[in-house]
> 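Sharing a structure, written as structure tokens. Questions coming.
These values consider heavy atoms only, across backbone and side chains, with no hydrogens, waters or symmetry-generated copies. Each residue takes its place number in the sequence, starting with 1. First listed ligand is number 1; within each ligand, the first listed atom is number 1.
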Amino acid sequence: MDSFDPALVAVRSAHFIGGRYVAGAAALDVARPSDGVVYADLPIADAELVDRAVEDAWHAFKTSDWARCAPRERARVMRRWAELIEADVETLARLESVGSTRPIRDAAQWDVPFTAEGIRFYSEFADKVGGEVAATRPDHLGMIVAEPYGVIGAIAPWNFPLVMASWKIAPALAAGNAVVLKPSELTPFSTLRLAELAIEAGVPAGIFNVVQGDGRTTGDALVRHPKIAKVTFTGSSKTGAAIMSACAETGTKPCTLELGGKSPQIVFADAPDLDLVARRVAGAITGNAGQVCVAGSRLIVERSAAPRLIDGIGAVFQALKAGHTWAPGTTLSPIISAGQAQRIDGIVARTVQQGAQIATGGGRIAVEGEGAFYAPTILTDVTTESEAVREEVFGPVLTVQTFDDEDEALALASHEKYGLASGVHTSDLSRALRAMRSLEAGTVWINRYGRTSDFVIPTGGYKQSGLGKDLGRHAFEANLRFKSVLIDLNQGA
Ligand code: NAD
């Protein structure tokens with residue numbers, strides 16, 4: 001996709017409730033991460049408006065043809081929705097790219113098609129899971145009936161606004177639920193277009209709603225609403241804990257939490273191709289400028305391979321081109337805000353004070369405008385106590401720790417708090433599988449790092465990285481509740 005003028009991208013600053021846009025008073029400035037220009041303002045939905053959205057969703061759930069239609073019909077509408085999203089790629093990719101950290105090429109080639117395909121993937125489940133017949137005694141019939149929850153409250157982060165939201169929305173809708181989504185206040189607009197296209201595809205009004213606002217006001221009101229039957233959240237571990245506690249306080253609501261990470265990439269000296277591994281390790285910490293939940297932020301490398309690997313990673317870092325998201329040549333994304341760039345810099349500076357060395361990077365990069373860009377950074381001479389090793393940086397900062405044997409590698413890989421993802425690079429299959437068994441992480445990648453388009457593989461964290469799964473059959477089933485039915489067949493016998 002060609003470069004474009006961000007000033008010409010029109011946004012609708014509103015909520016989307018009951019099948020139409022609902023205006024609200026301007027309350028928050030929304031800035032473009034690439035150059036810091038405030039390009040729109042955002043209304044904040046207060047508890048009253050959140051109540052209206054949830055009530056509308058509840059009404060649509062109870063009365064529309066969504067939960068009550070033949071599930072194949074629901075699947076057909078969702079497939080149509082996916083087609084409309086694909087056909088709208090130019091508009092959606094530009095909206096995404098202007099307002100977030102996603103370069104236009106990635107938004108057009110990955111974020112938008114991946115969102116559409118995720119919706120298609122979940123449409124295929126709509127008529128595949130109805131429940132079970134139980135193996136009861138022969139004079140009884142037992143059934144376990146799958147039913148949607150009702151209204152699901154979905155809360156999304158800013159790092160991949162469309163994709164992260166779609167992982168919440170698609171399985172919930174395919175299972176017959178209604179959804180009220182709150183996107184991040186930093187990236188609020190692209191999901192409104194999704195909602196508009198849902199209506200065009202035939203999703204009944206009120207089944208998919210978007211409320212805008214910050215976490216403290218809008219997010220909290222959504223989680224606590226008595227008619228929200230389940231919450232599905234992606235964001236930081238700190239917010240996830242607050243949401244879990246609000247769910248407990250307001251009716252022991254179930255919640256799915258996809259949270260932060262501090263994921264290790266373990267490289268043994270016998271890895272098949274160290275140059276290829278260097279490219280993979282570099283890609284795993286520089287994609288979206290490290291603003292990825294599963295970013296491979298801790299390199300744990302066998303001592304003998306460390307110098308060559310660090311050189312190789314440094315070379316990849318040097319070749320990246322920081323730039324505006326609307327320039328097709330950009331390969332290094334901006335940081336979401338100046339405040340976040342400052343936070344990254346603070347962690348790097350304190351880690352250096354704690355004894356770390358900067359092998360490459362370690363500071364801001366100047367790009368035209370007021371956007372915040374951070375140089376891909378390698379920190380060596382760190383320990384498990386270093387701040388950059390302990391805390392999620394959410395930026396392009398890779399720490400390096402070396403080991404001499406397998407036990408030491410696995411001990412270093414274990415993190416006191418997080419267990420989201422991990423990578424192991426080795427030619428020794430038994431060692432890879434031993435590591436897989438030992439790693440306390442929701443995902444283990446062997447001789448690769450990162451997801452493919454295999455939606456069937458779920459994602460989710462161990463420890464403080466989360467609860468439950470996005471993607472896969474698991475995420476679909478998590479949007480259903482199961483009713484046990486037991487029938488006595490002796491009547492009239
Ligand atoms: P965040 O926790 O600050 O915000 C996430 C969302 O929660 C936003 O929409 C925000 O407005 C809302 N929110 C904030 N406080 C709230 C409250 N008290 N009640 C209800 N909602 C509230 O996270 P972020 O900065 O947007 O995203 C980055 C974080 O997300 C990182 O920690 C990253 O690892 C994590 N993340 C995890 C995954 C995963 O799949 N595990 C994927 C992407 C991002």
> By ring pair (Phe, Tyr, Trp, His ring centres under 6.0 Å), which residues pair with His425, not counting sequence neighbours?
none
> Between ligand 1 and the protein, which N/O pairs are shorter than 3.5 Å?
unit_1   : atom_1 : unit_2 : atom_2 : d
ligand 1 : 2 (O)  : Ser236 : N      : 2.9
ligand 1 : 2 (O)  : Ser236 : OG     : 2.8
ligand 1 : 2 (O)  : Thr239 : OG1    : 2.7
ligand 1 : 9 (O)  : Ala156 : O      : 2.8
ligand 1 : 9 (O)  : Lys182 : NZ     : 3.0
ligand 1 : 11 (O) : Lys182 : NZ     : 2.9
ligand 1 : 11 (O) : Glu185 : OE1    : 2.7
ligand 1 : 11 (O) : Gly215 : N      : 3.4
ligand 1 : 23 (O) : Ser236 : N      : 3.4
ligand 1 : 25 (O) : Trp158 : NE1    : 2.8
ligand 1 : 26 (O) : Trp158 : NE1    : 3.3
ligand 1 : 30 (O) : Gly235 : O      : 3.3
ligand 1 : 32 (O) : Glu392 : OE1    : 2.7
ligand 1 : 34 (O) : Glu392 : OE2    : 2.6
ligand 1 : 41 (N) : Leu259 : N      : 3.1
ligand 1 : 41 (N) : Leu259 : O      : 2.8

> Who pairs with Lys168 by salt bridge (charged side-chain N to carboxylate O under 4.0 Å, His left out), at least two apart in sequence or on another chain?
Asp470
> Checking Arg298 now: which residues fulfil salt bridge (charged side-chain N to carboxylate O under 4.0 Å, His left out) with it, not counting sequence neighbours?
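So Arg298 forms no salt bridge (charged side-chain N to carboxylate O under 4.0 Å, His left out) with any residue.
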> In terms of the angle between their ring planes, are Phe189 and Tyr39 parallel, tilted or perpendicular, with boundaries placed at 30° and 60°?
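Perpendicular: the ring planes of Phe189 and Tyr39 meet at over 60°.
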> Using the ring of each side chain (for Trp, its six-membered ring), is Trp110 parallel, tilted or perpendicular to Phe160, with breaks at 30° and 60°?
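Rings of Trp110 and Phe160: perpendicular, over 60°.
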> Is any side-chain N of the basic residue among Lys463 and Glu416 closer than 4.0 Å to the acidic one's carboxylate O?
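No, Lys463 and Glu416 are not salt-bridged.
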